[in-house]
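Just so you know, residue 1 is the first one in the sequence shown, and it goes up from there. These numbers come from the heavy atoms of this one structure, side chains and all, not from hydrogens, waters or symmetry mates.
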Amino acid sequence: MTTHASPRDSAPAFFLEGLTKRFGDRKVVDGLSFELPQGGVTGFLGPNGSGKSTTIRMLLGLIRPSSGTARVLGHPLSTPAAFTGRVGALVDSPALYPALSGHENLAVHAELAGLHRGRVGAVLEVVDLHDFARAKVRSYSLGMKQRLAIAIALLRDPPLLVLDEPTNGLDPVGIVEIRNLLVQLGGSGRTVFVSSHVLAEMQAACDRYVVIRNGSLVFAGSSDQLLARGPQQVTVRPEWPTDLRKLEDVLNTAGFRTQANPTEVIIDADPDRSPEINRICFEAAVTLRELRCGHQDLEDVFFNVMNASSKATSDSGVAS
């Protein structure tokens with residue numbers, strides 16, 4: 001039998017309009033407005049104290065906004081019962097029972113949520129804990145415990161998954177495990193909305209970003225759109241390392257800003273200027289082994305965007 005999606009199935013994962021939260025005289029989230037389409041992995045970025053966790057808690061119906069509106073999967077925040085069953089969340093670490101196995105922990109949470117235990121084996125496969133299903137949770141690494149926590153959030157098979165700092169406190173191996181899991185979940189058709197301070201892992205996992213500062217929106221869009229906001233680069237690698245100094249000199253003479261490392265020269269330039277750069281190298285009798293175009297990494301772009309936002313706020317006469 002063919003099923004047809006209802007209008008709500010194609011609704012944005014989130015739609016925020018002027019969402020604001022005050023605690024006393026302090027405005028933590030300030031008129032936040034953005035739309036997040038369903039599907040893929042979206043990174044929710046901002047400095048400490050920018051209002052990310054407060055925003056997430058409002059979107060999950062855990063705290064009420066002071067003003068503004070938002071819809072989750074097409075349903076208003078005022079009716080959380082309409083969407084909470086379709087949202088899996090990891091905000092605070094869930095209760096894990098160290099003396100029970102991973103399978104038993106999930107079975108308990110399924111029972112408490114009124115779910116069939118048949119989901120337990122499925123989510124253990126998803127988070128790659130099937131081989132450790134019968135091991136006591138007290139023997140799990142921190143990364144395994146975090147994957148088990150995500151498994152709990154997946155028990156309802158939700159189309160939307162919201163994770164607040166899932167890599168917090170993890171070692172590099174655990175961080176990579178969570179990153180790979182996020183990519184897998186986003187590729188399976190779910191919408192994953194994740195906040196994190198580990199920007200390198202966010203760049204490897206996310207195809208969209210929402211960036212806030214002081215509770216206000218700085219950016220919302222695709223990864224390519226965000227990276228394009230940072231200085232763009234062209235990197236050239238000469239065939240012979242002995243040509244590096246000559247290459248840097250001729251590019252500087254042509255007006256380019258450069259930075260050399262032991263094997264290549266990085267040029268602050270729009271990729272559209274790569275033919276010009278190639279021609280300069282040719283005319284200087286420097287044979288190139290490689291010429292590639294790209295953006296700075298997410299960390300550099302993030303700080304550029306934050307600095308630009310801070311300057312714009314200062315220039316407008318609004319205190320930051």
Side-chain angles (χ1 to χ4, degrees), residues 12-21 27-63 65 68 70-73 77 83-84 86-93 146 149-150 153 158-170 175 178-179 181-183 185-187 190-227 229-230 297-299 301-306 309:
F14 295 126
F15 178 82
L16 285 68
E17 193 168 24
L19 197 66
T20 299
K21 182 62 181 179
K27 190 181 290 185
V28 178
V29 177
D30 187 5
L32 201 56
S33 300
F34 66 86
E35 180 176 325
L36 181 68
Q38 291 195 46
V41 183
T42 296
F44 190 29
L45 309 179
N48 283 335
S50 60
K52 298 191 303 297
S53 292
T54 300
T55 301
I56 285 174
R57 290 173 186 274
M58 283 192 286
L59 293 174
L60 294 175
L62 299 176
I63 57 176
R71 301 180 76 87
V72 181
L73 297 172
L77 289 184
F83 61 82
T84 51
R86 301 182 63 212
V87 180
L90 176 58
V91 178
D92 297 311
S93 296
Q146 201 69 340
I150 293 174
L160 173 59
L161 188 63
V162 180
L163 308 174
D164 191 12
E165 296 288 349
T167 59
N168 208 16
L170 299 187
I175 290 172
I178 297 298
R179 179 243 288 168
L181 178 57
L182 296 180
V183 172
L185 292 170
R190 298 181 200 274
T191 305
V192 182
F193 189 67
V194 55
S195 72
S196 177
H197 289 99
V198 188
L199 297 181
E201 294 305 320
M202 287 292 94
Q203 185 168 3
C206 299
D207 41 47
R208 298 184 65 85
Y209 297 99
V210 173
V211 184
I212 65 173
R213 177 180 177 273
N214 294 335
S216 298
L217 185 70
V218 173
F219 173 85
S222 71
S223 175
D224 287 344
Q225 289 171 327
L226 178 58
L227 293 176
R229 289 198 170 194
D297 63 31
L298 179 60
E299 184 171 331
V301 174
F302 175 79
F303 286 113
N304 284 331
V305 169
M306 286 295 107
S309 170

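- In plain terms, the two heavy atoms of Ile212 and Leu217 that are nearest each other are CG2-CA, 4.2 Å.
- Of all heavy-atom pairs spanning Val194 and Cys206, the tightest one is CG1-SG, 4.5 Å.
- Under the 3.5 Å distance criterion, the side-chain polar atoms of Thr20 are matched with a main-chain donor or acceptor of Gly18.
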Chi angles and distances behind the side-chain contact (heavy atoms from CB on, under 4.5 Å) call for Ile178, Leu163: CA-CA 11 Å; Ile178 297 298; Leu163 308 174; 5.8 Å; no

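- Here the CG-OG distance, from Asn48 to Ser53, works out to 9.0 Å after rounding to the nearest 0.5 Å.
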side-chain contact (heavy atoms from CB on, under 4.5 Å) assessment of Leu298 paired with Leu226: CA-CA 8 Å; Leu298 179 60; Leu226 178 58; 3.7 Å; yes

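- To the nearest 0.5 angstrom, Leu73 atom CG is 7.5 Å from Phe14 atom CZ.
- Minimum heavy-atom separation, Thr167 to Ser196: OG1-OG, 3.4 Å.
- Lys21 has its side chain out of reach of Leu32: every pair of non-hydrogen atoms, C-beta onward, lies at least 4.5 Å apart.
- Between Leu19 and Leu77 there is a side-chain heavy-atom pair separated by less than 4.5 Å.
- When atom types are taken as modelled, the side chain of Gln38 and the backbone of Thr191 share no donor-acceptor pair closer than 3.5 angstrom.
- If you check the side chains of Ser195 and Asp164, you find a donor sitting under 3.5 Å from an acceptor.
- What you find for Glu35 and Pro12 is that their closest heavy atoms are OE2-CG, 3.5 Å.
- No side-chain heavy atom of Val305 sits less than 4.5 Å from a side-chain heavy atom of Arg213.
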CA sep, side-chain torsions, deciding dist, call: Val211, Met306, side-chain contact (heavy atoms from CB on, under 4.5 Å): CA-CA 9 Å; Val211 184; Met306 286 295 107; 3.3 Å; yes

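- By the 4.5 Å heavy-atom criterion applied to side chains, Phe302 and Pro47 are counted as neighbours.
- With values rounded to the nearest 0.5 angstrom, Glu299 atom CD is found 13.5 Å from Met202 atom CE.
- Judged purely by atom type and a 3.5 angstrom limit, Ser222 uses its side chain to pair as donor or acceptor with the backbone of Gln225.
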side-chain contact (heavy atoms from CB on, under 4.5 Å) evaluation trace for Val210 with Thr42: CA-CA 7 Å; Val210 173; Thr42 296; 4.1 Å; yes

Show me, pair by pair, the donor-acceptor contacts under 3.5 angstrom made by side chains of residues 54-63, not counting sequence neighbours?
{"unit_1": "Thr55", "atom_1": "OG1", "unit_2": "Gly51", "atom_2": "O", "d": "2.8"}
{"unit_1": "Arg57", "atom_1": "NH2", "unit_2": "Asp92", "atom_2": "OD1", "d": "3.2"}
{"unit_1": "Arg57", "atom_1": "NH2", "unit_2": "Asp92", "atom_2": "OD2", "d": "3.4"}

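- The backbone N or O of Leu160 sits nowhere less than 3.5 Å from a side-chain atom of Arg86 that would complete a donor-acceptor pair.
- Here the side chain of Tyr209 pairs no donor or acceptor atom with the backbone of Leu227 at under 3.5 angstrom.
- Aromatic rings from Phe193 and Phe44 are positioned such that their centres are separated by under 6.0 Å.
- For the residue pair Leu161 and Ala153, the shortest heavy atom distance occurs at CD1-CB, 3.7 Å.
- When all heavy atoms of Lys52 and Leu45 are compared, the closest pair comes out as CD-C, 3.6 Å.
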